[in-house]
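Data block below; observations after.
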Amino acid sequence: MTRLVQKHAWVLGLLVLLIALLGITKLIQPSFGATGLESLARAALPFAFATAAMAIVVIVGGIDLSIASMMAVCGVTAAVLMQSMGAVPAIVITLCIGTAMGAINGALIVITKVPDIVVTLAMLFVWEGVALLILSTPGGNVTEAMQGIIGGSILPGLPMALVVMAVAIAAVWMPVRRSKIGLSIYAVGSDELAAFRSGVSVGWTKVAAYALCGVLAAMGGMSLIMLTGIGEPVPGPYLLASVAAVVLGGVVLGGGRGGLLGPIIAVFILRIIRTILTLAAVDPNVTTIVEGVIMVAVVMLGAIVTYRGVRA
């Protein structure tokens, strides 16, 4: 038990911090309860998918700056397709499109050997343009059944949005985590040269990691339209938030270490901080500044830790 606690000490610490922040929220707003938890889970849903997607590419030793744009493409695609063919075919096609976009990002990085930050920055604008081609203005249609999926709670204190998030992310990550490709992702992130010498196909592993990122980005895009009821072609504020949550969640920016549970908990920590500031009647502009400072500080701290680890 002691070894298990030590192994997951960071995640447990984040969980304790989240519980403490929920307690503070309850003190500030005594009426905060099941309804507040439902609102928090729904608001965190697209951020959680974006963070899980980012975590996978960071673990493999990369980064994807185009996540928000991919979410926009998948969101507007699903919203448009649902008007003509229903929810199920639209979801399947959207997931395939997200996988393809992620794989294209990974293939470009592997083939061109250009740093991932440069390639994905360029693809950010490409996918943003694609989203605007599909829908130049917010529109499309989302079925009431899909919007209802993330509403309410299964049990008191267990929002449906949280269950949907957990099931969807687990369905993507759990089969991969202990498989050959999952071990290869960690191996490449830890030491690309050593992984290559051990027989790991570094190129295909990177493409697979970015493809998984695309799948989760597609889920994030669809969760966004489930919240709003329409497709929004302009990317949301998910890039820096996902990087901050990944670092806060214990994933090392250099790659090779970390998981998805810590970053998901970190998403809720960052969201509840915003809720606390709002309930405390802090000026919205100041709230935005505080959020930005926290995100930048977390990312900078992660970069410093990574740099010191490389030097050591």
Side-chain angles (χ1 to χ4, degrees), residues 40-59 63-82 87 90-105 120 123-124 127-128 130-131 134-135 138 140 142 146-147 149-150 159-173 176 209-246 249 251 260-261 263-268 270-271 295:
L40 175 64
R42 286 196 300 270
L45 197 56
F47 289 94
F49 282 116
T51 298
M54 182 67 78
I56 293 176
V57 295
V58 171
I59 290 171
I63 194 167
D64 193 336
L65 303 185
S66 67
I67 279 181
S69 295
M70 287 196 293
M71 289 173 63
V73 171
C74 293
V76 296
T77 298
V80 170
L81 292 178
M82 283 183 195
I91 291 172
V92 173
I93 293 173
T94 302
L95 289 174
C96 291
I97 290 174
T99 305
M101 287 192 296
I104 289 171
N105 286 353
T120 56
M123 295 309 294
L124 179 156
W127 300 135
E128 185 175 345
V130 171
I134 296 172
L135 267 182
V142 181
M146 274 200 69
Q147 294 183 65
I149 290 176
I150 59 172
M160 190 63 188
L162 181 61
V163 175
V164 170
M165 175 204 311
V167 171
I169 293 176
V172 174
W173 183 237
V176 173
Y210 278 89
L212 289 171
C213 171
V215 173
L216 290 168
M219 292 181 177
M222 287 188 287
S223 71
L224 187 58
I225 66 172
M226 291 163 69
L227 289 170
T228 61
I230 58 173
E232 172 57 68
V234 178
Y238 304 108
L239 175 55
L240 183 57
S242 64
V243 175
V246 164
V251 178
L260 299 193
L261 181 57
I264 297 303
I265 296 175
V267 168
F268 282 91
L270 294 174
R271 291 295 93 198
M295 291 178 187

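Atom set for the values below is all heavy atoms of this structure, side chains included, hydrogens, waters and symmetry mates excluded.
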Identify every side-chain donor-acceptor pair in residues 229-244 under 3.5 Å, counting partners at least two apart or on other chains, and give the distances.
unit_1, atom_1, unit_2, atom_2, d
Glu232, OE2, Val234, N, 3.1
Ser242, OG, Tyr238, O, 2.9
Ser242, OG, Leu239, O, 2.7

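- Contact detail for Met82 and Ile91: the closest heavy-atom pair is CE-CG1, 4.4 Å.
- Between Ala131 and Val76, the shortest heavy-atom distance links the atoms O-CG2, 4.0 Å.
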Show the atom names and distances, to 0.1 Å, of all donor-acceptor pairs under 3.5 Å that link a side chain in residues 95-102 to residues at least two apart or in another chain.
unit_1, atom_1, unit_2, atom_2, d
Thr99, OG1, Leu95, O, 2.8

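- Ser69 places a side-chain N or O within donor-acceptor distance of the main-chain N or O of Leu124, the cut-off being under 3.5 Å.
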Between side-chain atoms of residues 216-226 and protein atoms elsewhere (two or more places apart, or another chain), which donor-acceptor pairs fall under 3.5 Å?
unit_1, atom_1, unit_2, atom_2, d
Ser223, OG, Gly220, O, 2.7

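- Contact between Met165 and Phe268 at its shortest, heavy atoms only, is CE-CZ, 3.5 Å.
- Annotation: side chain of Phe47 is not in contact with side chain of Leu270 (no heavy-atom distance under 4.5 Å).
- In this structure, the side chains of Trp127 and Thr120 stay at 4.5 Å or more apart for every pair of heavy atoms.
- A pairwise comparison of heavy atoms in Met160 and Ile149 identifies CG-O, 2.6 Å as the closest pair.
- Residues Val176 and Val172 form no side-chain contact, since every pair of their non-hydrogen atoms from C-beta on lies 4.5 Å or further apart.
- The CH2 atom of Trp173 sits 11.5 Å away from atom CD1 of Ile264, with the distance rounded to the nearest 0.5 Å.
- Counting heavy atoms from C-beta outward, Tyr210 and Ile104 have side chains that stay 4.5 Å or more apart.
- Rounded to the nearest 0.5 angstrom, Ile67 CD1 and Met54 CE are separated by 3.5 Å.
- The minimum heavy-atom distance linking Ser66 with Met123 is given by the pair CB-C, 4.0 Å.
- The line from CD1 of Ile265 to OG1 of Thr51 is 12.5 Å long, rounded to the nearest 0.5 Å.
- Considering every non-hydrogen atom in both Ala245 and Val267, the closest pair reads CB-CG2, 3.8 Å.
- Between the CG atom in Asp64 and the SG atom in Cys213 there is a gap of 4.5 Å [rounded to 0.5 Å].
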